[in-house]
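The analysis underlying the following values was restricted to heavy atoms, covering all of them including side chains, and did not include hydrogens, waters or symmetry mates.
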Amino acid sequence: MVTTSKDNDVLLRVKDLKKHFPVTKGILSRTVGHVKAVDGLSFDIKQGETLGLVGESGCGKTTTSKLLLGLESPTEGTLYLDNKNIHNLRGKELQDYRTKVQPVFQDPWSSLNPRMRVKEIVAEPLIANHNVTNEERDRKVAEAMELVGLSQDQANNYPHEFSGGQRQRIGIARALADSPSFIVCDEPVSALDVSIQAQVINLLEDLQQQFDLTYLFIAHDLSVVKHISNRIAVMYLGHIVEIAERNELYENPLHPYTQALLSAIPIPDPVVEASRDRIILEGDVPSPSSPPSGCVFHTRCPIMEEDCKAAVPELREVKPNHWVSCIKV
C-alpha cells in the first residue's frame with residue numbers, strides 16, 4: 001500500500017480507490033462499458049495539513065471529493081478516517097463520520113437553498129446529525145456565523161441578499177457548525193472575484209490554525225493551491241501522478257505532466273517570461289471511458305517510450321516525501 005506520510009499523524013488514508021460509472025445502452029439499459037472517473041487513488045492526508053489536488057477538468061477531482069464525503073460509493077478500494085474503514089461504518093459510527101467530514105462547495109449560489117434563511121442553512125448539519133435543542137442549535141449557528149465574519153443580525157436573511165463572497169462564508173459557516181475535523185473544499189474560490197478570493201483563503205487559513213482543521217483543497221488556480229497547501233497531489237485521468245511538498249513540487253517537478261502544468265503559470269516579470277520554455281502538450285485528454293493502456297499520460301507525453309504503453313507505473317517515493325508515477329523518473 002502507498003503510504004505517503006507517517007502512520008501516527010494520518011487523519012485520512014485512501015487505498016486503491018476506484019469509481020467506475022456504468023455506460024448503458026438500449027431499452028434494457030445493458031452495460032456496454034464504464035467511465036473510469038477515479039481509477040486507483042492512494043494517498044494520505046495528515047492531521048492539520050492542507051493537501052492540494054490539481055489537474056485538468058474531467059480528471060476526477062470532484063468525483064474524488066464526493067467519495068471522501070460519502071456522496072458516492074466506491075467501485076473498489078477503501079477509505080480510512082482515524083484508522084476506521086468508513087465503508088464498514090453503520091449507525092452511530094456512520095453518523096459520527098458525517099459529523100467529522102464536511103464540504104465547502106464551488107458555487108455558493110447553487111449550494112445554498114434560496115428558500116431557506118441563513119440560520120436554517122447553517123443549522124442543517126446540526127439537525128441532520130444530532131438531536132439538539134433549539135437553544136443549543138441557535139447558539140452554534142451564532143458562533144459559526146461570527147467565526148466567518150457574519151453578523152447575527154443577518155441570520156434571518158436569504159442567500160440572494162448577500163454578495164458572492166458572503167454566500168461562500170455562509171457555506172463555510174455551515175461546514176463549521178458541526179465542529180468537523182476534515183473539510184473538503186471543492187474549488188471554493190473559483191466563482192469569486194480575485195479580491196474576494198484572497199479574503200476567503202485567509203479565512204480558511206485562520207480557521208485551520210484556530211481549530212486544527214484538515215483540508216483537501218481542490219482548485220484549478222495553481223497560484224492559489226501553492227499559497228494554501230502544505231502538500232500537493234497532481235491528478236490526470238483518474239490517477240495521481242505526483243505528490244510532494246508544496247515548494248518541492250513547484251521548484252522540482254518530476255512528472256512530465258506536472259512540468260507542463262507548471263510551465264503554464266504566467267510570471268509577472270516579462271524578461272523571465274520571455275526566456276523560459278513553455279511545454280505544450282499535443283493531442284487531447286483521452287476519454288475516461290477508454291483510457292490508454294499502461295501509463296495514462298503516454299499519449300501526450302513528450303518523453304514517451306514503448307515501455308510506457310505496457311504497464312501502469314506505480315506511485316513510488318523517488319525522493320524523501322516526493323512520490324512520482326513514471327518509469328523514467
Checklist entry - Which residue pairs pass the salt bridge (Lys or Arg N to Asp or Glu O under 4.0 Å) test when at least one of the two sits in residues 114-128, sequence neighbours left out? => result Glu124-Arg174
Using the test side chain to side chain contact (heavy atoms under 4.5 Å, CB included), find all partners of [X] that sit at least two apart in sequence or belong to another chain.
X      : value
Glu248 : Ala244, Glu245, Asn252, Lys319, His322
Val35  : Phe21, Val23, Pro288, Ser289
Cys326 : His255, Pro256, Val324, Lys328, Val329
Asp206 : none

Going by the rule side chain to side chain donor-acceptor pair (under 3.5 Å), which residues pair with [X] if we only count those two or more places apart in sequence or in a different chain?
X      : result
Gln152 : none
Glu306 : Lys309
Asp16  : none
Thr78  : none

Next on the checklist: Under a 3.5 Å distance rule, please check whether Asp178 uses its side chain to pair with a backbone N or O of Pro180 as donor and acceptor.
Outcome noted: no
Item to check | side-chain hydrogen bond (donor to acceptor under 3.5 Å, both in side chains) contacts in which one or both residues fall within residues 183-200, not counting sequence neighbours | outcome: Thr62-Asp186, Gln106-Ser190, Glu187-His220
Checklist entry - Does anything in residues 19-35 pair up under side-chain hydrogen bond (donor to acceptor under 3.5 Å, both in side chains), and if so which pairs, sequence neighbours excluded? => result His20-Asp39
Next on the checklist: For Glu282, give me all partners under salt bridge (Lys or Arg N to Asp or Glu O under 4.0 Å), at least two apart in sequence or on another chain.
Outcome noted: none
